[in-house]
Amino acid sequence: MEKVVRVVISLAIGLSILYFGKTDFVEQFYEYTTNILGILVAFSISTLTILVSSSSKNVEGTKSYIIATPKIFGKTRKISLYESLTGSLSVVILMEVILLGIDMIVPVFNERGTIFLIINLSCLSDIFLKLLGIILDLYFVYTKKESGL
C-alpha cells in the first residue's frame, strides 16, 4: 500500500506542477535538475556507506531481525531489516543515477518537452519520498536505546 501511495503522490506532483506551473518554472527546473540529482546521489551513497561501515549494537541487531519471508524462485528466503535497508538504498541510488544519465543525454538528441517534465518530476519526487522513508528507518535504527531489536 505504501508503494501505491508514493507513486500516486509522485504522479500528482508531476501533473500538478505541469498544470499550474509557468514556463519560467520549466526552464529553471531543467537548469537545476542535474544539481539536485547530483546532491541526492552523493547523499544516498554516503548514507549507504554509513550504514554498511557502522558496527553499533543496533546495526548488528538489524542483521538478525527478520522482517519478511517471501518466496523467491520457489524457495523461502528470510530478509533481515539490514538487507532491506541496504537493498532499498541501492535501488534509490540506481534510480538516481539512471535519471541523472537520462537528464544529461536527452537534451543532446531532442528538446525536452512536457511529457519529459512530468516523468522527470514524478521520478524525482518518488526518489525523494522513498529516500525520506529510508532515512526515517535509519533514524529509528541508530537511536534505539536497547541492545538488539
Side-chain angles (χ1 to χ4, degrees), residues 1-18 20-21 25-70 72-73 77-110 112-149:
M1 186 67 181
E2 173 190 345
K3 294 176 184 178
V4 173
V5 171
R6 195 178 69 238
V7 169
V8 169
I9 290 173
S10 300
L11 285 174
I13 289 171
L15 291 173
S16 65
I17 289 177
L18 175 70
F20 297 114
F25 170 77
V26 173
E27 292 173 11
Q28 289 177 354
F29 178 77
Y30 286 138
E31 292 175 12
Y32 296 120
T33 304
T34 309
N35 294 336
I36 292 169
L37 281 169
I39 291 169
L40 282 175
V41 167
F43 179 77
S44 300
I45 290 173
S46 65
T47 305
L48 182 64
T49 304
I50 290 170
L51 177 65
V52 170
S53 64
S54 180
S55 62
S56 70
K57 292 179 185 176
N58 293 342
V59 174
E60 294 299 322
T62 61
K63 293 178 181 179
S64 61
Y65 187 74
I66 305 300
I67 60 168
T69 55
I72 301 173
F73 299 116
R77 172 143 170 25
K78 295 179 180 179
I79 297 178
S80 68
L81 179 58
Y82 180 80
E83 291 171 336
S84 174
L85 286 173
T86 54
S88 297
L89 269 170
S90 300
V91 168
V92 166
I93 292 169
L94 184 65
M95 288 171 57
E96 290 168 348
V97 168
I98 289 171
L99 190 59
L100 185 61
I102 290 171
D103 282 349
M104 291 176 157
I105 292 173
V106 166
V108 172
F109 297 109
N110 64 0
R112 298 173 174 175
T114 56
I115 298 297
F116 180 74
L117 177 66
I118 293 172
I119 293 170
N120 207 346
L121 282 172
S122 298
C123 288
L124 192 61
S125 58
D126 184 52
I127 288 169
F128 187 70
L129 291 172
K130 187 168 180 72
L131 195 58
L132 282 177
I134 293 169
I135 291 169
L136 183 65
D137 291 342
L138 284 173
Y139 171 76
F140 287 127
V141 166
Y142 283 118
T143 59
K144 186 157 178 64
K145 300 293 182 200
E146 307 136 21
S147 63
L149 294 172

Euclidean distance, Asp103 CG relative to Ile98 CD1, rounded to 0.5 Å | 12.0 Å
Residues 83-94 side chain polar contacts: donor-acceptor under 3.5 Å, at least two apart:
residue : atom : partner : partner atom : Å
Glu83   : OE1  : Ser80   : N            : 3.1
Glu83   : OE2  : Arg77   : NH2          : 3.4
Thr86   : OG1  : Tyr82   : O            : 3.0
Thr86   : OG1  : Glu83   : O            : 3.2
Ser88   : OG   : Ser84   : O            : 2.8
Ser90   : OG   : Thr86   : O            : 2.8

Which residue pairs pass the side chain to side chain donor-acceptor pair (under 3.5 Å) test when at least one of the two sits in residues 43-52, sequence neighbours left out?
-> Ser44-Glu96
Charged N-O contact under 4.0 Å between Lys57 and Glu60 | no
Distance, nearest 0.5 Å, that separates CG of Leu11 from CG of Leu121 | 11.0 Å
If we only count heavy atoms from C-beta on, is the Tyr142 to Leu51 side-chain gap below 4.5 Å?
-> yes
Calculate, to the nearest 0.5 Å, the distance between atoms CG and CG belonging to Leu138 and Asn58 respectively.
-> 11.5 Å
Side chain proximity check, Leu40 to Leu124, heavy atoms < 4.5 angstrom = yes
Measure the spacing between OG of Ser122 and CD1 of Ile9 and express it to the nearest 0.5 Å.
-> 12.0 Å
Measure the CG-OG1 distance between Leu99 and Thr33 for me, rounded to the nearest 0.5 Å.
-> 8.0 Å
Less than 4.5 Å apart, any side-chain heavy atom of Phe43 and any of Ile135?
-> yes
Can you tell me how far CD1 of Ile39 sits from OG1 of Thr34, rounded to the nearest 0.5 angstrom?
-> 11.0 Å
I would like to know whether Thr62 and Val59 meet side chain to side chain contact (heavy atoms under 4.5 Å, CB included); could you show each step before the answer?
-> CA-CA 5 Å; Thr62 61; Val59 174; 4.3 Å; yes
